[in-house]
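Just below is one structure, and these are the notes that go with it.
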Amino acid sequence: MTTIKDIEPLRNEYIPENIFDRKTESEQLEQALEAAQNVHVHGPRGTGKTLIVKKQLENLGTNTCYISCQKQDTQYKVLRKAVNELTSKTVGSGHHTSELQRILKNQIDVVETTIVLDDLDFLLLNDGDDLLYFLSRLEADLGLILVTANAEDLSEQVEERTFSTLQPQRIGFEPYTGEEIYEVLADRARKSLKPKSLRREALTYIASSTQNLTLALTWLRTAAQTAENVITETLTKQIRQEACQAFIDEKLQTLSQHHRLLYQAIEELNDEQETIQTGTVYNRYKQLCQAYNKDSLSNRRISDFLKHLEQFNLISSDYHYGGKNGKTREITL
DNA sequence: CATCCACCGGAAATGTTGGGAC
DNA sequence: GTCCCAACATTTCCGGTGGATG
């Protein structure tokens, strides 16, 4: 016995035919693109940025290219991906960045193009704004959609001259309200679940518990997979932890094993003590590496990895220098 | 007020991988 | 193969940082 008719609409990657929420933002985006303006889309995680942007791409008359900077976190990788997607050429590694720049430029000169850089935070953090500078210098029909979850004001992260050339129009995404979450969940549930397999209160409970649509969907999906034949409020309450865990696992999956060990170290310490400092985290991480027979990375490197976890909202940290406290308090979210 | 703690984060150094030309 | 050259991941080095401590 199962409640699921078609799991697809409950997946995070699913792009529905019709999107009835985020109307204002969609229209803003559409207008900006029609006006050949660059756009900076900003908002917390799980507010539908990626979905809206992808949906807009479908309706665009130009050559388009979607790049997630979570994976493509250097100028070279982004260029390579763009070249591979936009042109007939395929390039591997071992080339000059300038060579890829030239290929891309030639392509864009000929065909009107729109490039999305999703999760641009990661690229900026890892590789600076060299790529943006290059893109801003192209005198061609290139539309840029820059998506960030953390960098609220791009002018602070990007060099003055680059920013002033790009002049991106900023479109802000606010967190979903409980009603909006409810609406979306209900819509997805209609498409994916068998009739009468879902209690209204279950949805209400999820919708009132989180503003993050990705988490809400993961939660509903977990519930659907667990339920015997009907998803009740009680069940959704019961599997809350499990759903959160699934949500976290999904995020960690895109990162390296060292990130996962690091996260595990923080989790363990979080159960044991109140405040956690970087040093103790690093020591625990090293122990875990030993237990799993893995070589550990240096603390300098781990410091960067902690930033990655922060970017994903997996941990939050208070930075304070000096005193007898070094730097961080990590709290699982 | 000087000193120290315990880490931050930039920059250079090192090691690894893959590409193209010969 | 071999040589040289990039990109990239990671390490090494080192100059801060500012409240706590004496």
Side-chain angles (χ1 to χ4, degrees), chain A residues 67-85 87-106 117 119-135 150-151 156-160 162 252-263 265-266 268-270 272-290 292-312 314-331:
Chain A
I67 297 174
S68 162
C69 298
Q70 267 181 44
K71 295 190 185 86
Q72 270 69 45
D73 63 351
T74 66
Q75 169 170 209
Y76 188 91
K77 286 177 187 168
V78 170
L79 288 171
R80 179 167 69 173
K81 175 109 181 179
V83 167
N84 288 345
E85 299 235 328
T87 73
S88 49
K89 296 190 180 71
T90 46
V91 290
S93 48
H95 297 270
H96 281 236
T97 300
S98 61
E99 190 187 340
L100 299 201
Q101 287 179 340
R102 191 177 44 75
I103 298 173
L104 186 64
K105 182 178 185 334
N106 289 340
L117 298 175
D119 276 315
L120 182 67
D121 309 86
F122 288 87
L123 191 144
L124 290 173
L125 190 68
N126 190 44
D127 204 33
D129 64 353
D130 291 349
L131 174 74
L132 286 185
Y133 178 71
F134 163 72
L135 291 174
N150 294 309
E156 284 173 13
Q157 315 271 328
V158 178
E159 254 193 89
E160 173 69 41
T162 306
L252 282 174
Q253 217 48 51
T254 63
L255 297 167
S256 73
Q257 193 188 357
H258 287 290
H259 287 98
R260 289 192 282 276
L261 288 171
L262 183 58
Y263 185 78
I266 296 168
E268 288 180 15
L269 289 170
N270 190 48
E272 294 165 18
Q273 55 197 63
E274 273 301 305
T275 58
I276 311 170
Q277 286 176 235
T278 313
T280 43
V281 170
Y282 182 62
N283 284 335
R284 179 61 61 94
Y285 155 79
K286 275 204 292 196
Q287 288 170 21
L288 284 176
C289 281
Q290 218 160 22
Y292 287 99
N293 230 344
K294 289 280 286 185
D295 290 340
S296 57
L297 300 174
S298 69
N299 55 1
R300 179 65 185 84
R301 189 75 181 124
I302 289 304
S303 165
D304 286 342
F305 280 23
L306 281 171
K307 286 230 143 148
H308 297 160
L309 296 183
E310 251 184 272
Q311 292 274 329
F312 278 105
L314 289 170
I315 62 171
S316 66
S317 28
D318 273 358
Y319 288 69
H320 49 102
Y321 302 88
K324 77 181 186 357
N325 308 315
K327 158 224 148 191
T328 356
R329 274 206 324 264
E330 276 99 1
I331 311 143

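Here is the naming used below: chain letters follow the sequence lines, and residue numbers restart at 1 for every chain. Every heavy atom of this structure was used, including side-chain atoms; hydrogens, water molecules and symmetry mates were not.
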**Message:** Side chains of H95(A) and Y76(A) only: does a donor on one sit below 3.5 Å from an acceptor on the other?
**Reply:** no
**Request:** Kindly point out which of dT12(C), dC8(C), dC7(B) is positioned nearest to the side chain of Y76(A)?
**Result:** dC8(C)
**Message:** Nearest to the side chain of H96(A), heavy atoms from C-beta on, is which of dG9(B), dT11(C), dC5(C)?
**Reply:** dC5(C)
**Request:** Select from H95(A) and G279(A) the residue whose nearest nucleotide in DNA chain B is closer to the 5' end of that strand.
**Result:** G279(A)
**Request:** Grab the two heavy atoms, one from F305(A) and one from L262(A), that are nearest each other, plus how far apart they are.
**Result:** CB-CD2, 3.7 Å
**Interatomic distance where CD belongs to Q75(A) and C1' belongs to dA9(C) [whole Å]** = 18 Å
**Asked** Expressed in angstrom and rounded to an integer, what is the separation of R301(A) atom CZ from dC13(C) atom P?
**Response** 18 Å
**Asked** How long is the line joining CD of E99(A) and P of dG20(B), in whole Å?
**Response** 8 Å
**Prompt:** dT11(C) P sits how many Å from N299(A) CG, rounded?
**Reply:** 9 Å
**Request:** Among the candidates dT10(C), dC7(B), dT11(C), find the nucleotide nearest to the side-chain atoms of F305(A).
**Result:** dT10(C)
**Message:** Check the phosphate of dT11(C) against R300(A), side-chain N and O only, distance under 4.0 Å to OP1 or OP2. Yes or no?
**Reply:** no
**Asked** Which whole-number value in Å describes the distance from L100(A) CG to dA7(C) C1'?
**Response** 10 Å
**Request:** Compare every heavy atom of L252(A) with every heavy atom of Y263(A), then report the nearest pair and how far apart it is.
**Result:** CD2-CD1, 3.7 Å
**Prompt:** Can you tell me how far P of dC7(B) sits from CD1 of I302(A), to the nearest Å?
**Reply:** 14 Å
**Request:** Could you pull out the closest heavy-atom pair between L124(A) and Q157(A), with the gap in Å?
**Result:** CD1-CB, 3.9 Å
**Message:** Within the 3.5 Å criterion, strictly below it, is a donor on Q70(A) or D119(A) matched to an acceptor on the partner's side chain?
**Reply:** yes
**Request:** Rounded off to whole Å, could you give me the CG-to-P distance for the D304(A) and dG9(B) pair?
**Result:** 9 Å
**Item:** Contact under 4.0 Å: T74(A) side-chain N or O vs dC8(C) OP1/OP2
**Value:** yes
**Prompt:** Whole-Å distance between dA6(C) C1' and L79(A) CG?
**Reply:** 14 Å
**Prompt:** Distance check: side-chain N/O of K77(A) vs OP1/OP2 of dA9(C), anything under 4.0 Å?
**Reply:** yes
